[in-house]
Structures are given as C-alpha cells and as structure tokens.
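Here's the structure, in structure tokens; my notes come after.
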Amino acid sequence: MTTFTTGAGTLTRDALAVLQPGFTGTTAPDWVRRRLAEGLVSVALFGRNVADPEQVTALTAALRAERDDLLVAIDEEAGDVTRLEVRTGSSFPGNHALGAVDDPALTRRVARELGRRLAACGVNLNWAPSADVNANPDNPVIGVRSFGHDPALVARHTAAYVEGLQSNGVAACTKHFPGHGDTSVDSHHALPQIDLDATTLHERELSPFRAAIEAGTRAVMTAHIRVPVLDPDRPATLSPRILTGLLRDELGYEGLIVTDGMEMGAVAGTYGLEHGVVLAIAAGADAICVGGGLADEDTVLRLQDALVTAVRSGELPEERLADAAARVRSLAAWTTGMRRPPAAADDPAPEIGLTAARRAVTVTRAAGAAPVTDPVYVATFSPAPNIAVGDETPWGVGTELERLLPGTATGHFTGPDAGAEALRAAGGRRVVAVVRDEHRHPWMGAALDALIAAGPDTVVVEMGVPQSAPRGAVHIATHGAARVCGVAAAEAVLAG
C-alpha cells in the first residue's frame, strides 16, 4: 500500500482532518498520537475505550497533549445507547422516556447534565440526539431512541436536547438525516428504503431537523437510507441532492455534516468503504465516522489515501475536501472556545436522570391486583440486541428487585419455549415478566400468554416501545431500558 503521509502536505492534512476514527484500548495508541501531529482533528470513543470516568478523562487529556483543539466524539444517547456507562447502564433515561413525560424543560435539564458529565471527561462532540420520528413501530433500530411518533413532540424535545447539551460546551450531532424512523431494515446490515411522498417527508421527517437547526445544532449526522422522493439512486449519506441540495441549500444548515458509521452494511456492503467515503465527501459530508468495527491505523491510511487519490484523479474536487476539513476545524475551535472548568451537578439530589425515569413510568393495574410484598421470580425475555445498543449493557429490573425483595430470583429466556422454561424456573412463585418491544417478537407475546394463563397475578414490565395493549395484574411501561428505568420500574412493582 502506498501512503501519502510523507511531508504531511495540505492535501494529506485535509484528508486526515475529515476522518473521525476509533481505536482499541483504554489508553492513547501511538499511531493516533502520530496522526494527530500530521493533521487528524477528531477521534471517536466507543464502549471498548471506557472503563470509568477517571480513565476517560486521563485518555482525553493524553490525546489533547498532542492536539489541544481535538474533537473527541462519542455515541452517548443515554437510555439504551450508552458508552460512558456501557457496563452498568445509563444514569439517564433515553429519548422515548423523555418524550413520554413531554416536559421540554426536563429534557433540557437532562441533556445539560449529560453534557456536563461528558465535558468533565474531555468529550466535546456527542452523536446525539436522535431526531427520528418513530413512524414505524416495527422499526428494528430506532424504537426507544426516538422521542416518539408525533413530529411536533419530537421537534420540541430535539431542540431542548440540543440547547441543553451545548450549554455545557458539548456539540450536539442531531441524527439521522433526513429521518430513519420509518424504516423496517437495520442499516447496520442492509440499505433501508423509505417510500413516502414529499409532503409527508417535509411535514414529518424534516420537522425535528428544522427545530434542531433553529436551536443551533453544531452537527448533523446522515442516515444510510434511500429516499426515492429525494434521490432514487443514492442513500442520503452519498447524495448531493440530500446533503447539499436539501440540508445546505433548502434548510440553510451551515454546521458540520457527519456520516453515520461508514463500515455499516448499507454503505460499505454496497459501495465499498473507500469509494463510499469519497462519494460521501463529494456529496457534501464533512466528517467521516468510522471505527465502530474497523478501529486500526490501516483503515485510517486507506481512507486518507482514497481521498487523496480521488482529488488527484479529479473524482473529488480539492476545494470540496478543503471546505469539509475547514468545517471540522471550525467546530474544533468552537469547542475549544467553550471549554471551562467542570461545573457542579445541576440536580444533585435526587439525580435528574432518576427523576426523569420515575416520571416516565406508566402503570396499568387490573381490578383487584394484589400488591407485591414477597420475593418474586423475575423472568426477563431478551430479544437479540441491535448493533447500536449492543449486548454489553445490562438491563432489566432483576438486580434492583433482588435488592428490594431479598430472596428474589432471576432468569433470562428467549425463543419459542421461553414461556414454558420461565414457568418451570419460577417454581410456583409470583412472576415479574420483563419484555422489550413485545409487539415486535411473537415468541415474546406467546411467553406472556403462557405466564399470565398460569398465573393471573403476573406483573409485566415493558422496557421497550409500549405498543402492545397492557396486560397482566400490573403492567408497567418504562419507555426504555436504561439502568434508572429499571430502578423506577422496580419501585413501581412494589408500589403496585
């Protein structure tokens, strides 16, 4: 492989500047330090890079010793998608819970506190919030990551989230433009298509992005989706019509445009990684998110070389690459100017995240439902996690109920025999059944049928989108599976 790093000329520095790569480990690799000296402006942190806040703070400080105006990005939506608390579960409920409460001031406070914690760790670009309108309840990748299905609600909470996050100097990256909420395919695996008319697109999908732009969002992330009404050929990430024509020219957005992860199947599996990166920059993207799966120096060099070669061959205008690099550096300068000593928590007692999670809980009780006073059996029915959420983060109510009701036992079940297996494991004890998006998983609905038929006093806790009708002696909807949602749900089980 031929690389063009020798001399670190302007073209090479611009090619490095538009990359937002990940890396492995919890300390700063030597290769990342070298590339920062040669023009790299951004790095991305994932769950694999996080042990605890003190370690992340030391990591970002070590990186900034090489480049003071470094952009450190992270995918910290809170709720189900957390990186800072990947091993424990988030201290903040996600978007769907905040939308269920529908108090924009609360959303602003939650985002402000999240921004404070990120800034204290040295993170200054957050790939959040999700502004997707959850128009398709069967969506396999958005779900509780959305504030809800009503465009006006999503718009007002998106704006509040952007304002709260950026008030502490952390740039918001509103996603996934032009809207990923009406898909039935996970873009991590394949290329989704949204078939809708122009009126629906503008009134539903684009409404939250207009609100985010008005609120001053510093970045917008693209979606790897095809929207034929806008561009019948290319997905949004690679479409000049969508990124330049719609987002820049029509909506008047001037901030940073960041791609979704370029190694995702929707792009890399269709166009190839290197070619996809060139097409994205040519279409109007400014920063390339890569590193969720490919997190090595070779990937960075391959992409840098692909961009340099594309400019030299005439495939990519040099001024387009220079403009993209300038936008990355401009955001880095903004975050540097916003840097300040870590502030005290805005809502120290109780923590604002738990307060919000408690407010998001809805409880439906059947007539004559007996309260839970004795140890129970917690049967958690676990669907296959999507890649955005991952499988590292614990969820459910079992741990908290074991603490509150000593003697409680727990088990995890999946598949067509899950109900029968849970009944055998419960051994006649009262069951608390924990589900996640029951409406999307027929086997999960069948498991609840079996439990409720055998024990009408079964308590059901839905920690996904509560699309199915409430059932069981007590039905508790948390609107998300963050750690604090589990705490709030366990409290509601005992209160019932």
Quick test of your reading: applying ring pair (Phe, Tyr, Trp, His ring centres under 6.0 Å), list the pairs with at least one residue in residues 85-104, sequence neighbours left out, ordered by first then second residue.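 Qualifying pairs, neighbours excluded: His96-His479.
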
Residue pairs passing the ring pair (Phe, Tyr, Trp, His ring centres under 6.0 Å) test where at least one lies in residues 143-163, sequence neighbours excluded: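 Listed by first then second residue: Phe147-His157.
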
Excluding sequence neighbours, so at least two apart, what forms side-chain contact (heavy atoms from CB on, under 4.5 Å) with Asp233?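 Expected list: Asp231.
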
Residues two or more places apart in sequence or in another chain: which of them pass side-chain hydrogen bond (donor to acceptor under 3.5 Å, both in side chains) with [X]?
| X | value |
| --- | --- |
| Ser167 | Arg112 |
| Glu66 | Arg33 |
| Asp286 | Arg248, Arg320 |
| Asp30 | none |

Check the side chains of [Y] and [X] for a donor-acceptor pair under 3.5 angstrom, ignoring hydrogens and angles.
| X | Y | value |
| --- | --- | --- |
| Asn168 | Gln166 | no |
| Thr200 | Glu205 | no |
| Thr217 | Thr174 | yes |

Between [Y] and [X], is there a side-chain heavy-atom distance shorter than 4.5 Å?
| X | Y | answer |
| --- | --- | --- |
| Val328 | Ser42 | yes |
| Arg339 | Thr335 | no |
| Phe23 | Arg35 | no |
| Leu294 | Leu273 | yes |
| Ile225 | Val227 | yes |
| Leu118 | Asn126 | yes |
| Glu315 | Val278 | yes |
| Arg204 | Asp182 | yes |

[X] (side chain) donor-acceptor with [Y] (main chain) under 3.5 angstrom:
| X | Y | value |
| --- | --- | --- |
| Thr244 | Ala283 | yes |
| Ser313 | Ala310 | yes |
| Ser146 | Asp132 | yes |
| Asp260 | His224 | no |
| Asp437 | Gly464 | no |
| Arg483 | Thr393 | no |
| Arg241 | Ala236 | no |
| Tyr271 | Glu274 | no |
| Thr82 | Glu85 | yes |

Which residues satisfy the salt bridge (charged side-chain N to carboxylate O under 4.0 Å, His left out) test with [X], sequence neighbours excluded?
| X | result |
| --- | --- |
| Arg117 | Glu113, Glu351 |
| Arg210 | none |
| Arg156 | Asp102 |
| Glu400 | Arg403 |

Take Ser130 and Glu77, measure what side-chain hydrogen bond (donor to acceptor under 3.5 Å, both in side chains) needs, and give me the verdict at the end. CA-CA 8 Å; Ser130 168; Glu77 297 177 20; 5.6 Å; no

Measure from NZ or CZ of Arg436 to the centre of the six-membered ring of Trp395, then state whether that distance is under 6.0 Å and the direction lies within 45° of the axis.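 Yes.
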
Would you please name every residue forming a ring pair (Phe, Tyr, Trp, His ring centres under 6.0 Å) with Phe177, sequence neighbours left out?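 Result, ring pair (Phe, Tyr, Trp, His ring centres under 6.0 Å) vs Phe177: Phe209.
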
If you round to the nearest 0.5 Å, how far is OG1 of Thr60 from CG of Leu70?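 Between atom CG of Leu70 and atom OG1 of Thr60 there are 8.5 Å.
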
Leu114 CG to Arg109 CZ distance, which is reported to the nearest 0.5 Å: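 Atom-to-atom, Leu114:CG and Arg109:CZ are 14.5 Å apart.
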
What is the ring orientation for His176 with His180, classed by angle as parallel under 30°, tilted 30 to 60°, or perpendicular over 60°?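 Ring orientation of His176 relative to His180: perpendicular.
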
